[in-house]
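These notes concern the structure reproduced below.
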There are 2 protein chains.
Amino acid sequence: MDYQNYVQMLKAMADPNRLKIIDLLSCGSLCACDILTHFDFSQPTLSHHMKVLQNAGIVIARKEGKWQHYTLRTEFIDQFKQGTDQLLAADESCICHSDNCADCQAGHSGKVVVSNEES
Amino acid sequence: MDYQNYVQMLKAMADPNRLKIIDLLSCGSLCACDILTHFDFSQPTLSHHMKVLQNAGIVIARKEGKWQHYTLRTEFIDQFKQGTDQLLAADESCICHSDNCADCQAGHSGKVVVSNEES
DNA sequence: ATTATATATAGATATGTATCTATATTCACG
DNA sequence: CGTGAATATAGATACATATCTATATATAAT
């Protein structure tokens with residue numbers, strides 16, 4: 001797999017304000033003005049964030065009169081969860097195997113995640 | 001829930017090189033020098049990335065002689081998946097409900113994600 | 001038509017960060 | 001002890017981006 005799309009989603013999500021927007025939209029569609037009431041930043045800043053979310057394929061916009069309605073894409077939810085599973089599963093899809101990895105040949109392959117208790 | 005820790009994980013993951021490091025480590029522990037062979041950047045740059053991953057609670061380091069062995073934390077895997085589920089589930093944990101949200105009172109609550117087909 | 005409302009765009013600024021080179025530290029080994 | 005190898009730290013630089021103000025656009029209402 002290539003993680004291009006997944007990285008773009010992560011980048012878009014890796015901002016507290018945009019994460020809150022996603023959280024808000026997970027409850028249902030909202031227009032820009034309604035979203036804005038939940039934040040302290042300016043309207044152009046929201047417009048910027050919504051564009052980032054759209055470009056990452058996280059949100060779609062539907063214009064109705066003067067309102068922009070934003071909705072979470074089901075494809076985003078599916079693809080993001082799938083990307084996460086693929087990333088964190090220690091199976092044959094491991095990048096090493098597709099990379100002629102010397103470490104794999106040296107036996108590092110396999111689920112070797114460790115439960116650790118230090119701070 | 002507060003997403004502080006989750007955002008920190010997202011930030012650390014939202015870099016193609018660090019994502020590849022996570023992918024490599026999902027196959028098993030590796031020392032810095034082994035990880036470095038998979039990349040074009042310099043050794044100090046790797047050191048920086050590993051610090052970011054550690055600060056985000058994604059990776060732990062165990063020093064053995066002059067080698068640093070890096071391992072994915074199981075807690076990271078659990079917490080990240082849990083955070084994702086919590087974010088994208090349209091249930092009572094929705095931020096609106098804990099925020100005295102006017103939109104919720106106006107009936108926007110509920111799973112309203114939309115399958116959309118435009119580009 | 002004019003005015004008000006919702007949103008977008010342009011341009012500036014400040015902060016964050018990914019990267020580099022140079023150097024320091026730590027450790028094994030002779 | 002001195003040397004080489006693995007890693008970390010310091011400082012610099014370049015690029016990305018989150019934010020703002022000012023302004024433009026689009027639509028509804030009067």
Side-chain angles (χ1 to χ4, degrees), chain A residues 3-4 6-25 29-71 102-103 106 108 118, chain B residues 3-4 6-25 29-71 102-103 106 108 118:
Chain A
Y3 283 118
Q4 217 170 355
Y6 186 64
V7 173
Q8 204 186 2
M9 289 175 179
L10 286 170
K11 274 189 180 165
M13 297 168 73
D15 174 275
N17 288 321
R18 284 197 294 264
L19 198 66
K20 185 172 171 181
I21 292 171
I22 293 173
D23 204 349
L24 286 166
L25 291 177
S29 301
L30 288 172
C31 72
C33 54
D34 286 337
I35 297 174
L36 193 57
T37 64
H38 292 269
F39 295 96
D40 287 331
F41 51 61
S42 68
Q43 174 268 319
T45 296
L46 176 65
S47 204
H48 160 71
H49 284 312
M50 297 317 296
K51 185 137 293 180
V52 172
L53 290 172
Q54 286 178 78
N55 289 341
I58 293 177
V59 150
I60 56 158
R62 171 178 45 87
K63 188 156 193 173
E64 199 166 313
K66 46 185 172 179
W67 286 277
Q68 277 284 21
H69 289 273
Y70 293 105
T71 308
D103 308 313
H108 96 108
E118 47 120 43
Chain B
Y3 283 119
Q4 216 170 356
Y6 186 64
V7 173
Q8 204 185 3
M9 289 176 179
L10 286 169
K11 272 190 181 165
M13 296 168 73
D15 174 275
N17 288 322
R18 284 197 294 264
L19 199 65
K20 184 172 171 181
I21 293 171
I22 293 173
D23 204 350
L24 286 165
L25 291 177
S29 300
L30 288 172
C31 73
C33 54
D34 287 337
I35 297 174
L36 193 56
T37 64
H38 293 270
F39 295 95
D40 288 331
F41 50 62
S42 69
Q43 174 269 319
T45 296
L46 177 65
S47 204
H48 160 71
H49 285 311
M50 297 317 296
K51 185 137 293 181
V52 172
L53 289 172
Q54 285 178 82
N55 290 341
I58 293 177
V59 150
I60 55 157
R62 173 177 44 88
K63 189 153 192 175
E64 198 165 312
K66 45 185 170 179
W67 287 277
Q68 276 284 22
H69 290 274
Y70 293 105
T71 308
D103 309 312
H108 97 109
E118 47 118 44

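Only this structure's heavy atoms are used, side chains among them; waters, hydrogens and symmetry mates stay out. Naming: A, B, ... by sequence-line order, numbering from 1 per chain.
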OP1 or OP2 of [N] under 4.0 Å from side-chain N/O of [X]:
{"X": "B:Gln68", "N": "D:dA8", "value": "yes"}
{"X": "B:Thr45", "N": "C:dT19", "value": "no"}
{"X": "A:Ser42", "N": "D:dC20", "value": "yes"}
{"X": "B:His48", "N": "D:dT9", "value": "no"}
{"X": "A:Lys63", "N": "C:dA6", "value": "no"}

Between [atom2] on [N] and [atom1] on [X], what's the gap in Å once rounded to a whole number?
{"X": "B:Trp67", "N": "D:dA6", "atom1": "CH2", "atom2": "C1'", "value": "8 Å"}
{"X": "B:Gln43", "N": "C:dT25", "atom1": "CD", "atom2": "P", "value": "15 Å"}
{"X": "B:Phe39", "N": "C:dC20", "atom1": "CZ", "atom2": "P", "value": "12 Å"}
{"X": "A:Leu30", "N": "C:dA6", "atom1": "CG", "atom2": "P", "value": "15 Å"}
{"X": "B:Leu36", "N": "D:dA8", "atom1": "CG", "atom2": "C1'", "value": "14 Å"}
{"X": "A:Asp15", "N": "D:dT17", "atom1": "CG", "atom2": "P", "value": "11 Å"}
{"X": "B:Asn17", "N": "C:dA18", "atom1": "CG", "atom2": "C1'", "value": "9 Å"}
{"X": "B:Arg62", "N": "C:dT26", "atom1": "CZ", "atom2": "P", "value": "20 Å"}

Taking the minimum atom-to-atom distance to the side chain of [X], which one of [options] wins?
{"X": "A:Pro44", "options": "D:dT19, D:dT21, C:dA18", "result": "D:dT21"}
{"X": "B:Lys66", "options": "C:dA8, D:dA8, D:dG4", "result": "D:dG4"}
{"X": "B:Cys31", "options": "C:dT7, D:dT7, C:dA18", "result": "D:dT7"}
{"X": "B:His49", "options": "C:dA18, D:dT9, C:dA8", "result": "C:dA18"}

Inset, instruction - On DNA chain D, check which nucleotide each of B:His69 and A:Val52 is closest to and give me the residue with the more 5' one. - result: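 Here B:His69 is the residue nearer the 5' end.
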
Inset, instruction - Between A:Asp40 and A:Gly65, name the one whose nearest nucleotide on DNA chain D is closer to the 5' end. - result: A:Asp40

Inset, instruction - Answer whether the closest heavy-atom distance between the side chains of B:Ile22 and A:Tyr3 falls below 4.5 Å. - result: no

Legend entry - Shortest non-hydrogen separation from B:Ser42 to B:Leu36 and the atoms involved: O-CD1, 3.9 Å

Legend entry - Value rounded to 0.5 Å, distance of CG in B:Leu25 from CG in B:Leu53: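 Answer rounded to 0.5 Å: 8.0 Å.
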
Inset, instruction - Before giving the answer on side-chain contact (heavy atoms from CB on, under 4.5 Å), spell out for A:His69 and A:Cys31 the whole-Å C-alpha distance, their side-chain angles and the decisive distance to 0.1 Å. - result: CA-CA 4 Å; A:His69 289 273; A:Cys31 72; 4.1 Å; yes

Inset, instruction - Show your reasoning for whether side-chain contact (heavy atoms from CB on, under 4.5 Å) applies to A:Ile21 and A:Met50. - result: CA-CA 9 Å; A:Ile21 292 171; A:Met50 297 317 296; 3.9 Å; yes

